[in-house]
Amino acid sequence: MFYSPLRPRQGIYSSYSQSFRRMHVRALSYSTIPKVLVRAFRVPIAGATVGAGALGYANYKFEELKQASAGWITSVQETATDVFDTASDGIKAARSRLSEVQFPNVETPGFLKDLFSSREKYSGKESDGGKGSENGKSGGPPNGDDAAVATLMAATLAGPSYSSDEQSSQGNLENQPNVLMGLTRRLIEIRTMLLSVDRGDSLKLPSIVVIGSQSSGKSSVLEAIVGHEFLPKGTNMVTRRPIELTLVHTPAVPGNQKPQEYGEFPSLGLGKFSDFKQIQRTLTDLNLAVPASDCVSNEPIDLRIYSPNVPDLTLIDLPGYIQIPSMDQPETLKEQIATLCDRYIQEPNLILAVCAADVDLANSPALRASRKVDPLGMRTIGVITKMDLVPPEAGAQILTGNRYPLHLGYVGVVCKQSGKKSSNNETAGQLVKRAESDYFASHKDYFGKSSSLMVGTSTLQNRLMTVLESSMASSLHGLTNGVQLELEDATYQFKVKYNDRRITAESYVAETMDTLKARFRDYTSQFSRPELRARLKEILNNKVMEIMEQIYFSDARVRELSALAADPKVKPENVEPYWHYKLEAATSLLTKSGIGRDTTLRVVDGLRALIDTIISGEPFTHHPRAAERLVAFGHSILRDRIGVTSDQVENCIKPYKYEIEVDDREWELGRTKSADVVEKEIIEEKEKEKRARKFSMPAGDAPPESEEEVHYRFSPAQMIDAKHALLYSDRVNILRLRLSTLKSKRCKGGRTNDILCPEAFLDVVADKLAYTSAMFINIELLEHFFYEFPRQIDSRLNYNQDRQEVVAFARENPIVREHLELQERKDKLEEIMKKLNSLTSLRTDIQPSSRRSKGLFGNMF
């Protein structure tokens with residue numbers, strides 16, 4: 001049965017229409033919407049999943065291609081570098097031996113330049129954050145397939161490994177990045193400031209501590225790094241104190257054939273030493289100053305060496321380990337050295353363990369000591385000396401560190417001169433480096449680039465600088481926190497104790513000198529003219545009483561003189577010449593008894609007592625040396641004026657030796673004063689009589705009845721005291737007679753009665769002598785002393801002192817010293833914080849294209 005072509009269509013449409021009519025239509029709800037969406041996006045999601053899988057597979061294949069390309073390019077690069085370095089080393093060696101022959105400069109082939117420049121080009125592009133140059137025309141990678149290949153090259157040439165970078169920098173130190181050199185120098189400056197603030201372990205940046213036995217070549221390694229012989233040498237133990245060696249790299253001066261190299265000892269203030277032999281002698285003297293009984297001292301020697309041929313490093317050379325002390329050394333020397341070294345090799349210091357190649361590392365005391373404090377070898381660098389004394393294969397095996405591994409590795413050196421003569425005026429250090437280079441160049445199979453072994457002094461320098469930079473940088477975060485805490489504590493104490501009041505040593509010295517001069521002015525009021533006359537009159541009163549005792553009181557006829565004065569009928573002109581001679585003798589004794597010398601010396605003694613009084617109080621109790629200088633030049637001024645003043649006084653009182661004019665007012669004053677003096681003398685004599693009687697006869701004893709009983713009952717001493725008591729009693733009786741005479745009407749009559757009243761006349765003469773002496777002593781002695789002494793204080797104790805003497809003077813006072821130390825500590829901590837904060841600016845100074853700088857700043861910040 002056949003159908004026409006139209007019929008099936010009609011059947012189909014009719015069947016669809018019928019089925020559509022019979023279909024039940026459900027209403028849409030919120031639950032059906034997600035199902036519809038899932039069915040709608042099922043195909044796109046499946047496509048995306050398949051695409052992601054394909055993309056991951058492509059990325060995997062790309063990484064395989066990248067690794068294969070990296071291995072191939074790295075092998076090509078190393079091969080080309082070895083060829084070029086071999087050619088360059090050969091030409092340099094030949095040029096050093098034949099300086100007169102001119103060789104052409106060998107440059108890197110073009111394809112190697114292009115190969116190495118690709119790293120800088122694209123790594124520099126990465127440092128720009130992926131941004132192209134303006135308009136995208138130049139400086140950016142090509143598009144399309146070229147861009148993919150360039151990206152692959154940049155990834156594979158990301159840079160050499162850490163050790164390869166160190167080995168490639170064995171050239172001149174001037175080729176090091178200036179910013180990194182500046183970083184190390186800043187860190188060393190910070191370390192020096194920290195040592196001045198605190199020598200403990202709380203604030204400390206790492207240093208490189210050099211340890212080793214006495215025969216390991218430790219001194220030769222340090223001298224090879226510096227390039228000069230400067231360490232003490234001798235048959236016996238010479239290094240007895242730690243030597244804190246700071247190497248400072250200085251830029252070479254253009255046009256100077258000879259570099260400017262010098263050393264200095266900052267703590268000694270000896271200036272700069274351009275002759276390293278002089279540095280060696282100074283170090284020898286400082287070490288040998290340690291007593292032989294001690295043989296080791298903990299007091300370090302600070303030495304700084306400035307040179308364009310040294311890197312910025314801080315090294316600490318310690319006494320070498322010994323096995324058995326010699327006969328002239330203490331038995332505990334081995335333990336003393338071990339204790340000293342253990343104190344220095346603690347964290348965070350780095351350890352430079354020096355070992356000889358011809359000695360088994362198992363017997364190395366340096367490695368044994370380092371393993372105690374650094375068991376994993378994270379802070380220890382091994383230096384193998386005397387590499388030329390063992391076969392090359394044995395030396396290479398030691399440097400691999402397979403037996404005693406160290407994280408920082410081993411460096412092999414040969415630090416001794418060969419038998420070759422120096423050329424081109426080579427120094428000893430240059431000759432050592434050339435001999436070392438020749439040795440390792442002759443065994444390139446073992447010590448070449450392909451061996452990845454670190455050899456040579458230049459490699460050691462770069463290794464030390466790199467490790468020290470990294471270690472210092474890794475310590476900066478904790479150090480900054482510690483400095484911040486110390487600064488906050490110092491600021492708080494300075495505020496609480498001193499209310500932020502700042503002082504200086506100069507201001508303290510000036511204030512002390514002002515206090516001294518003000519105190520001196522206050523005490524000079526004791527030497528005014530009235531005070532001086534009173535003192536001199538008191539001296540002369542004693543002389544008058546001595547003269548009266550000598551001329552009158554010891555004379556048996558003294559009572560006759562009192563009787564003549566009591567008789568109103570006796571006229572003075574009728575008195576016998578005997579008493580006239582007595583008065584002239586008394587006057588002559590008074591005026592010729594050396595009044596000028598005695599009064600001058602008495603005033604000088606008073607001025608000396610004044611100086612002693614001034615320096616006896618604060619603050620001079622803290623300055624004994626200044627007080628001694630003050631007394632010395634004060635006494636010097638007085639000594640220069642004693643002779644002149646006494647002679648002047650004697651010349652001025654000469655007229656009183658021949659003629660003395662006395663008026664009635666002076667007579668009456670003299671009589672009254674002499675009566676007062678006699679009354680005081682009576683009181684003193686009575687006291688002496690009482691004391692003599694008390695010792696001559698104890699209380700309760702009955703007086704003796706006969707002379708025999710006296711000698712029997714009393715001792716000779718008591719007999720002497722009894723005789724003195726009788727003399728004092730007679731003296732009191734005479735003084736009472738003379739006092740009654742002075743108060744009588746006869747003595748009140750005036751100068752005409754001077755023979756009958758000698759006490760009044762002598763008092764008038766003494767008063768004239770005191771007035772004249774005081775006047776000329778004031779002119780010749782006191783005014784000169786009061787003018788000169790304050791100026792000597794300024795010139796000798798203030799203006800004539802240098803800065804160190806001023807600071808030493810101020811620090812003698814414990815209160816001022818504590819104030820200055822806290823103030824200086826606060827200032828230094830603030831300066832350290834500024835320097836630490838300034839290091840953050842270096843992040844923008846160094847491009848991240850250098851892998852070494854990346855790792856460094858990754859540790860720092």
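Since the model is a prediction, treat every value here as computed from it, not as a measurement. Along the sequence shown, the residues carry numbers beginning at 1.
- Using a 4.5 Å heavy-atom cutoff, the side chains of Leu231 and Ile243 are in contact.
- For the pair Val221 and Val210, the minimum side-chain heavy-atom distance is 4.5 Å or more.
- Annotation for Tyr321 and Ala338: closest pair CE2-CA, 4.1 Å, computed over non-hydrogen atoms.
- Atom CD of Glu824 is separated from atom CD of Glu831 by 13.5 Å, given to the nearest 0.5 angstrom.
- Below 30°, between 30° and 60°, or above 60°: for Tyr439 and His443 the angle between ring planes is between 30° and 60°, a tilted geometry.
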*Could you walk me through whether Val467 and Leu464 pass the side chain to side chain contact (heavy atoms under 4.5 Å, CB included) test, one step at a time?*
CA-CA 5 Å; Val467 172; Leu464 293 179; over 6 Å; no
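- Every residue two or more places apart in sequence or in another chain that forms a ring-ring contact (aromatic ring centres under 6.0 Å, His included) with His228 is listed here: Phe276.
- Legend: residues meeting ring-ring contact (aromatic ring centres under 6.0 Å, His included) with Tyr410, ordered by chain and number and at least two apart, are absent.
- Using a 4.0 Å cut-off between a side-chain N of Lys or Arg and a carboxylate O of Asp or Glu, Glu229 and Arg281 do not qualify as a salt bridge.
- Residues Met472 and Leu468 form a side-chain contact, since some pair of their non-hydrogen atoms from C-beta on lies under 4.5 Å apart.
- With sequence neighbours excluded, the residues forming a side-chain hydrogen bond (donor to acceptor under 3.5 Å, both in side chains) with Glu264 are Tyr306, listed by chain and number.
- Evaluation of the ring-ring contact (aromatic ring centres under 6.0 Å, His included) rule for Phe273 yields Phe265 as partners, not counting sequence neighbours.
- In this structure, the side chains of Thr282 and Leu270 come closer than 4.5 Å at one or more pairs of heavy atoms.
- The number of heavy-atom neighbours closer than 6.0 Å to CD of Glu331, taken from other residues, nucleotides and ligands shown, is 12 or below.
- When every heavy atom of Ser267 is checked against every heavy atom of Asp302, the shortest pair comes out as OG-CB, 4.4 Å.
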*What do the steps show when you test Glu189 against Val248 for side chain to side chain contact (heavy atoms under 4.5 Å, CB included), and what is the final call?*
CA-CA 10 Å; Glu189 291 176 357; Val248 181; over 6 Å; no
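- Between Leu487 and Glu830, the shortest heavy-atom distance links the atoms CD1-CG, 3.5 Å.
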*Report the C-alpha distance between Ile351 and Val373 in whole Å, list the side-chain angles of each, state the deciding distance to 0.1 Å, and finish with yes or no for side chain to side chain contact (heavy atoms under 4.5 Å, CB included).*
CA-CA 10 Å; Ile351 305 172; Val373 296; 3.8 Å; yes
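- The closest donor-acceptor contact from the side chain of Lys218 to the backbone of Leu318 lies under 3.5 Å.
- Taking Asp827 as the reference, Arg502 meet the side-chain hydrogen bond (donor to acceptor under 3.5 Å, both in side chains) condition, with sequence neighbours excluded.
- Taken from CD in Glu488 to CG in Leu829, the straight-line distance is 11.0 Å, to the nearest 0.5 Å.
- Considering every non-hydrogen atom in both Val310 and Ile225, the closest pair reads CG1-O, 4.0 Å.
- Between the side chain of Ser370 and the main chain of Leu367, a donor-acceptor pair closer than 3.5 Å is present.
- At least one side-chain heavy atom of Leu315 sits under 4.5 Å from a side-chain heavy atom of Leu247.
- The closest side-chain heavy-atom distance from Arg240 to Pro319 is not below 4.5 Å.
- Residues that satisfy the salt bridge (charged side-chain N to carboxylate O under 4.0 Å, His left out) test with Lys334, not counting sequence neighbours, are absent from this structure.
- Residues satisfying the ring-ring contact (aromatic ring centres under 6.0 Å, His included) criterion with Tyr446, sequence neighbours excluded, are absent altogether.
- Between Lys826 and Asp489 there is no salt bridge, since no side-chain N of the basic residue sits under 4.0 Å from a carboxylate O of the acidic one.
- In this structure, the side chain of Asn363 does not engage the main chain of Val359 through any donor-acceptor pair within 3.5 Å.
- Shown here are the side chain to side chain contact (heavy atoms under 4.5 Å, CB included) partners of Ser297, two or more places apart in sequence or in another chain: Arg241, Val290, Glu299.
- Within the structure, salt bridge (Lys or Arg N to Asp or Glu O under 4.0 Å) pairs that include any residue of residues 365-376 do not occur (at least two apart or interchain).
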*Go through the steps to decide whether Leu479 and Leu194 satisfy the test side chain to side chain contact (heavy atoms under 4.5 Å, CB included), and finish with yes or no.*
CA-CA 10 Å; Leu479 177 65; Leu194 287 174; 3.7 Å; yes
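- Glu812 is linked by a side-chain hydrogen bond (donor to acceptor under 3.5 Å, both in side chains) to His623, Arg625, counting only residues two or more places apart in sequence or in another chain.
- Take Asn813 and apply the side-chain hydrogen bond (donor to acceptor under 3.5 Å, both in side chains) test, not counting sequence neighbours, and it matches Tyr508.
- Arg379 places a side-chain N or O within 3.5 Å of a backbone atom of Asn349 that can act as its donor or acceptor partner.
- In this structure, a donor-acceptor pair under 3.5 Å is absent between the side chains of Gln397 and Glu393.
- Of the possible polar contacts, none joining the Ser437 side chain to the Arg434 backbone as a donor-acceptor pair under 3.5 Å is found.
- Checked by atom type, the side-chain pair Thr457/Glu436 shows a donor-acceptor distance below 3.5 Å.
- Put simply, OG1 on Thr246 and CG on Asp312 are 10.0 Å apart, with the number rounded to the nearest 0.5 Å.
- For the pair Ile301 and Pro242, the minimum side-chain heavy-atom distance is 4.5 Å or more.
- Across Ala490 and Leu822, no two heavy atoms sit closer than the pair O-CD1, 4.1 Å.
- For the side chain to side chain contact (heavy atoms under 4.5 Å, CB included) test, residues two or more places apart in sequence or in another chain that qualify with Ser215 are Ser213.
- Proximity of Leu222 to Ser219: side-chain heavy atoms (C-beta onward) are nowhere separated by under 4.5 Å.
- Gln278 places no side-chain N or O within 3.5 Å of a backbone atom of Ser274 that could act as its donor or acceptor partner.
- The two residues Leu406 and Gly382 have their closest heavy-atom pair at CD1-N, 3.5 Å.
- Within the 3.5 Å criterion, the main-chain N or O of Glu805 finds a donor-acceptor partner in the side chain of Asp802.
- No side-chain donor-acceptor contact under 3.5 Å links Ser216 to the backbone of Gly212.
- Remark: side-chain polar atoms of Asn287 are not paired, donor with acceptor, to backbone N or O of Thr239 under 3.5 angstrom.
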